Novice: 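This structure is in structure tokens; I'll ask about it shortly.
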Amino acid sequence: MAATRTVIEQRLRAAFDTLEPGADPVLRASDHADLQANGALGLAKRLGRNPREVAEAVVAAAALDDVCRRVEVSGPGFINLVLSDTFLADQVAALASDARFGVPVAAPPETVVVDYSAPNVAKEMHVGHLRSTIIGDALVRILEFCGHAVVRENHVGDWGTPFGMLIEHLLDLGEENAVEELSVGDLDTFYRQARASFDADEAFQERSRRRVVLLQGGDEETLRLWRVLVAQSVRYFDEVYAKLDVLLTDDDVVGESFYNPMLGEVLRELDDAGLVVDSDGAQCVFPPGFTNRQGDPLPLIVRKSDEGYGYAATDLAAIADRVRRLGADRVLYVVGAPQAQHFAMCFATAALAGWVKGPGVLVHVAFGSVLDAERKMFRTRAGDTVKLADLLDQAVARADAAVAQRDPDLPEADRTAVARMLGIGAVKFADLSTDRVKDYVFDWDRMLAFEGSTGPYLQYAHARIRSIFRRLDPGDEGAWAAAPVSLVEPAERALVLALLGFPDAVAATLEGWAPSRLCAYLYDLASAFTTFYETCPVLKAPTDDLRRSRLRLADLTARALAQGLALLGIAAPDQM
């Protein structure tokens with residue numbers, strides 16, 4: 001209802017200005033009216049007047065006759081606004097020609113770096129990567145839709161001491177055999193075999209340590225073998241991303257190795273700024289406000305006592321690079337909640353070093369864990385971590401069975417396409433609709449249900465609306481597309497109010513980096529349409545004008561659902 005709010009806020013602000021220039025009407029949604037202005041209470045306190053008297057003066061001065069059918073003062077000075085049907089009809093009709101559905105283009109736009117997914121080379125993606133990948137992808141889509149310049153960065157773990165043993169294991173297998181094994185996507189077996197050799201064979205350990213030295217020293221043959229491991233792993237990541245239908249590509253991979261040449265300069269800059277303290281041979285920064293359980297200052301270790309660099313140094317280098325080279329106005333880190341303290345210390349250190357100016361530039365978009373029915377970490381029956389590719393395949397298979405049961409006459413090719421959209425959409429929506437900071441229980445039956453706040457429910461709502469238009473005569477399109485909107489029944493009015501809420505839902509999502517807010521809006525919109533459809537005949541409306549009006553509302557609803565689902569990375573099938 002952003003455009004609607006703008007009109008009313010301008011009128012109310014002018015009325016408030018008659019009492020105090022610059023006063024804020026504080027316009028909000030309300031259970032008692034369409035909107036409520038609460039600014040009179042604060043203004044009355046500043047003016048030393050009775051709040052109801054101030055509110056009544058504002059109402060008297062406001063020019064709202066053509067916008068509201070009722071304006072009243074309630075309680076200690078709340079101004080309740082019930083919008084006129086004519087005004088609402090005009091507002092919703094304007095959406096028909098607006099491809100952005102009322103969402104304004106960001107002014108000015110920001111350059112936003114989004115760090116998400118972040119799998120490790122030579123390790124398979126598992127359920128632990130699910131939330132980062134799809135939350136990050138949804139935020140990228142919404143930011144781009146709002147006009148921001150978005151840089152996707154997949155901070156892949158592709159550097160460090162484990163690569164010594166991985167390269168040696170590759171040589172033991174033979175490069176050709178190793179590539180063949182990795183090409184089938186069984187990265188976990190490759191990694192476990194390398195670890196087993198390292199743990200059991202001292203000679204292999206020694207070779208692995210020497211190989212790490214060669215890798216860090218830039219030995220060309222070692223680097224070539226390392227690139228083989230990285231390339232095969234990235235190819236596997238691409239397969240998972242394709243199944244999950246996210247935007248990440250090879251061009252978005254910026255591994256830990258990218259920052260390795262910068263680590264020495266990072267330490268030097270921190271030292272020049274007087275931030276580095278030697279602690280038992282380790283080079284540390286002690287950002288204020290961080291202590292351990294004993295109350296002692298907590299160090300952020302930039303370089304370890306063995307002169308190796310850890311995650312903190314890499315993350316600090318990434319901050320500096322993103323702000324300087326990429327010109328980031330904001331950097332989002334879509335990383336699990338257990339890393340909160342680490343990122344808080346890195347952000348504080350970057351601020352102390354002068355790399356970022358002001359709050360809000362670096363944002364940890366934290367999220368909770370995926371749990372099983374017993375509220376334990378989600379694993380296979382054998383206790384292994386659930387592979388993400390297997391999880392997605394199972395989602396599609398379960399959706400296929402559900403579609404076959406629901407519509408056994410659907411052609412196989414159509415059923416396969418719909419099952420993929422439903423299965424992947426169900427997994428995504430179940431995750432995104434949860435408050436991201438909370439854990440959630442992975443429940444196949446709930447997420448694949450066609451009732452309640454689920455992906456299939458929204459997808460089915462969209463398909464059901466589109467089915468209405470397939471029953472129209474071919475010549476009917478032009479008759480309803482520009483028809484005036486009539487609000488005869490309460491359900492029509494409720495649907496219009498829901499449609500006008502689209503831009504507010506998008507704004508609220510970015511305000512809290514919370515895709516769950518957009519999910520909640522889409523469910524409310526679909527529910528409003530269900531009530532409308534059940535109480536307001538569309539094709540059998542009593543008059544042609546009303547029929548065309550309702551067709552227009554149905555079309556707008558389908559478009560809003562499809563656009564909202566697209567911002568979440570979820571497909572909206574036309575038929576199912």
Side-chain angles (χ1 to χ4, degrees), residues 113 115-116 118 120-121 132 153 155-165 208-209 212-218 254-326 328 330-367:
V113 176
D115 178 331
Y116 66 114
N120 291 311
V121 165
S132 175
E153 290 216 335
H155 191 79
V156 170
D158 67 350
W159 199 252
T161 54
F163 284 90
M165 73 176 188
S208 299
R209 294 189 182 101
V212 171
V213 174
L214 289 171
L215 178 64
Q216 294 177 341
V254 186
E256 293 175 0
S257 60
F258 178 82
Y259 302 105
N260 194 59
M262 309 176 192
L263 303 185
E265 178 62 18
V266 165
L267 180 61
R268 186 192 65 77
E269 283 194 44
L270 295 174
D271 195 24
D272 288 348
L275 299 174
V276 176
V277 176
D278 185 287
S279 179
D280 296 327
Q283 303 299 295
C284 306
V285 175
F286 289 84
F290 297 92
T291 57
N292 60 21
R293 292 180 179 178
Q294 289 72 43
D296 300 321
L298 198 61
L300 184 69
I301 302 173
V302 182
R303 190 174 69 187
K304 296 177 287 187
S305 58
D306 63 2
E307 298 191 351
Y309 292 96
Y311 292 117
T314 302
D315 285 331
L316 289 169
I319 291 171
D321 178 70
R322 290 162 177 174
V323 172
R324 293 169 176 171
R325 180 177 63 87
L326 298 177
R330 198 180 305 272
V331 186
L332 307 183
Y333 291 80
V334 188
V335 183
Q339 296 297 315
Q341 185 178 73
H342 167 77
F343 280 113
M345 294 179 73
C346 286
F347 296 170
T349 298
L352 290 170
W355 298 342
V356 293
K357 308 296 183 184
V361 175
L362 306 174
V363 181
H364 180 201
V365 183
F367 54 83

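Keep in mind it's a predicted model, so treat the numbers as computed, not measured.
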Novice: If you look at every heavy atom in Asp315 and Cys346, which pair is closest and at what distance?
Specialist: CB-SG, 4.1 Å
Novice: Over all heavy atoms of both residues, which pair between Tyr259 and Gly255 is shortest? Give the atoms and the distance, please.
Specialist: CD1-O, 3.6 Å
Novice: Hey, does Leu316 have a side-chain heavy atom less than 4.5 Å from the side chain of Leu300?
Specialist: yes
Novice: Does the gap between the ring centers of Tyr311 and His155 come in under 6.0 Å?
Specialist: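 Not under 6.0 Å, so no.
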Novice: Backbone N or O of Glu256 within a donor-acceptor pair of the Asp158 side chain at under 3.5 Å?
Specialist: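 Yes, because the side chain of Asp158 sits within donor-acceptor range (under 3.5 Å) of the backbone of Glu256.
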Novice: Val323 versus Trp355: any side-chain heavy-atom pair under 4.5 Å?
Specialist: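 Counting from C-beta outward, Val323 and Trp355 never come under 4.5 Å.
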Novice: Between CG of Leu326 and CG of Asp321, what distance do you get to the nearest 0.5 Å?
Specialist: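 Atom-to-atom, Leu326:CG and Asp321:CG are 5.5 Å apart.
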Novice: Grab the two heavy atoms, one from Phe290 and one from Ala348, that are nearest each other, plus how far apart they are.
Specialist: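 Smallest interatomic distance, heavy atoms only, reads CE1-CB, 4.0 Å.
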Novice: Using side-chain heavy atoms (C-beta onward) and a distance below 4.5 Å, is Ser279 in contact with Pro299?
Specialist: no
Novice: Out of curiosity, Asp306 CG to Thr161 OG1, how far, rounded to the nearest 0.5 Å?
Specialist: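 One finds 9.5 Å between CG of Asp306 and OG1 of Thr161.
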Novice: Check the pair Val266, Leu270 against side-chain contact (heavy atoms from CB on, under 4.5 Å), reporting the backbone distance first and the verdict last.
Specialist: CA-CA 6 Å; Val266 165; Leu270 295 174; 4.0 Å; yes
Novice: If you take all heavy atoms of Leu263 and Ala317, which pair is closest and at what distance?
Specialist: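 Closest approach of Leu263 to Ala317: CD2-CB, 3.9 Å.
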Novice: Kindly determine whether Phe286 and Leu352 satisfy side-chain contact (heavy atoms from CB on, under 4.5 Å), including the steps that lead there.
Specialist: CA-CA 10 Å; Phe286 289 84; Leu352 290 170; over 6 Å; no
Novice: Do side-chain atoms of Ser132 reach the backbone of Val335 as a donor and acceptor pair under 3.5 angstrom?
Specialist: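 Answer holds: no.
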Novice: Determine whether more than 12 heavy atoms belonging to other residues, nucleotides or ligands lie under 6.0 Å from atom CG of Asp280.
Specialist: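 Counting other residues, nucleotides and ligands, CG of Asp280 stays at 12 neighbours or fewer.
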Novice: Could you measure the distance from the CG atom of Asp271 to the CD atom of Gln283? Nearest 0.5 Å is fine.
Specialist: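 CD of Gln283 is found 7.0 Å from CG of Asp271.
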Novice: What's the spacing between His364 NE2 and His342 NE2 if we round to 0.5 Å?
Specialist: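 The NE2 atom of His342 is 9.5 Å from NE2 of His364, to the nearest 0.5 Å.
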Novice: Just verifying a value: how many Å separate Tyr309 OH and Glu307 CD, rounded to the nearest 0.5 Å?
Specialist: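 Tyr309 atom OH to Glu307 atom CD measures 8.0 Å (nearest 0.5 Å).
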Novice: The criterion is side-chain hydrogen bond (donor to acceptor under 3.5 Å, both in side chains); which residues satisfy it with Tyr333, sequence neighbours excluded?
Specialist: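 Applying side-chain hydrogen bond (donor to acceptor under 3.5 Å, both in side chains) to Tyr333 gives Arg322.
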Novice: Hey, are the side chains of Val356 and Leu362 touching, using non-hydrogen atoms and a 4.5 Å cut-off?
Specialist: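 SC-SC contact between Val356 and Leu362 confirmed.
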Novice: What do the steps show when you test Leu215 against Phe163 for side-chain contact (heavy atoms from CB on, under 4.5 Å), and what is the final call?
Specialist: CA-CA 8 Å; Leu215 178 64; Phe163 284 90; 3.8 Å; yes
Novice: Going by side-chain hydrogen bond (donor to acceptor under 3.5 Å, both in side chains), name the residues that satisfy it together with Arg330, two or more places apart in sequence or in a different chain.
Specialist: Glu110
Novice: Given side chains that start at C-beta, do those of Val365 and Tyr116 come closer than 4.5 Å, heavy atoms only?
Specialist: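 Side chain of Val365 against side chain of Tyr116, heavy atoms only: no contact under 4.5 Å found.
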Novice: Once you round to the nearest 0.5 Å, how far does CZ of Arg303 lie from CD1 of Ile301?
Specialist: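 Going from CZ on Arg303 over to CD1 on Ile301, the span is 12.5 Å.
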Novice: Residues in ring pair (Phe, Tyr, Trp, His ring centres under 6.0 Å) with Phe367, at least two apart?
Specialist: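 Not a single residue meets the ring pair (Phe, Tyr, Trp, His ring centres under 6.0 Å) criterion with Phe367.
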Novice: Under the side-chain contact (heavy atoms from CB on, under 4.5 Å) rule, what do Val331 and Ile319 come out as? Steps first, then yes or no, please.
Specialist: CA-CA 8 Å; Val331 186; Ile319 291 171; over 6 Å; no
Novice: Under 4.0 Å between a Lys/Arg side-chain N and an Asp/Glu carboxylate O for Arg324 and Glu265?
Specialist: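 Result for this pair is no, no salt bridge flagged.
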